[in-house]
Amino acid sequence: MFAGFASKGCVALYDMGLATTPACFMSTVTEGAAYDAGIMLTASHLPFNRNGMKFFTSAGGLDKKDIADVCGRAAEACKASHAHGHLEYSPQATPGVQRRPFLEEYSAQLR
């Protein structure tokens, strides 16, 4: 996912590591972080087909219409890349991604 954002010109990418849903949202509104958006990869107690991604901005989580738009755009980009032979995957770390755990900072706000 980081490589995809980097390939589209995103220059500030942060890996927060393990984070709760509220922490992911709070990373978009906390001074010193205030990220433009947060995307959380989930794998929880729910059945496997209910896991996936959660999207956040400072206005809150995305609704079904927003998510349908994101998924539609991603599907079209994937089809276009595959049709032109540009579908690549590399398991290596993406250059430029900064590791910045946020859970401890978020937890401190709760005290």
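The environment of D63 atom CG is dense: over 12 non-hydrogen atoms of other residues, nucleotides or ligands sit within 6.0 angstrom. The number of heavy atoms from other shown groups lying within 6.0 Å of CE (M53) does not exceed 12. Other residues, nucleotides and ligands contribute more than 12 heavy atoms inside 6.0 Å of the CD atom of Q109. More than 12 heavy atoms of other residues, nucleotides or ligands shown are found within 6.0 angstrom of CZ on R99.
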- [ ] Start with the C-alpha distance between F102 and M26, add both sets of side-chain angles, then the distance that settles side chain to side chain contact (heavy atoms under 4.5 Å, CB included), and finish with yes or no.
- [x] CA-CA 9 Å; F102 184 75; M26 290 301 292; 4.2 Å; yes
Open item on the list: Please determine whether side chain to side chain contact (heavy atoms under 4.5 Å, CB included) holds for the pair D36 and T57, giving the CA-CA distance in whole Å, both sets of side-chain angles, and the decisive distance to 0.1 Å.
Closed with: CA-CA 6 Å; D36 293 331; T57 68; over 6 Å; no
Task: Step-by-step side-chain hydrogen bond (donor to acceptor under 3.5 Å, both in side chains) determination, K54 to T42 - done: CA-CA 7 Å; K54 296 179 182 179; T42 68; 5.9 Å; no
Task: Step-by-step side chain to side chain contact (heavy atoms under 4.5 Å, CB included) determination, K8 to F5 - done: CA-CA 5 Å; K8 297 300 179 188; F5 284 116; 6.0 Å; no
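Cluster annotation: F25 and Y14 are assigned to the same hydrophobic cluster (Ile/Leu/Val/Met/Phe/Trp/Tyr, side-chain heavy-atom contacts under 4.5 Å, transitive). Using a 4.5 Å cut-off between side-chain heavy atoms of Ile, Leu, Val, Met, Phe, Trp and Tyr, with links allowed through other members, L41 and F55 fall into the same hydrophobic cluster. Residue I39 is not grouped with residue V29 when hydrophobic side chains (ILVMFWY) are merged at heavy-atom distances under 4.5 angstrom, including chains of intermediate members.
For the residue pair E105 and T30, no side-chain donor N or O sits within less than 3.5 Å of a side-chain acceptor on the partner.
The distance from the CG atom of L18 to the CG atom of L103 is 6.0 Å, given to the nearest 0.5 Å. Once rounded to the nearest 0.5 Å, the distance linking OH of Y35 with CE of M16 reads 7.0 Å.
Put simply, the side chain of T28 never gets that close to the backbone of A37: no donor and acceptor are under 3.5 Å apart.
Contact record, F56 with G61: CD2-CA, 4.1 Å, taken as the closest heavy-atom pair. Taking each heavy atom of A33 and S27 in turn, the nearest pair found is CB-O, 3.6 Å.
With respect to the salt-bridge test (charged N to carboxylate O, under 4.0 angstrom), the residues D69 and K65 do not qualify.
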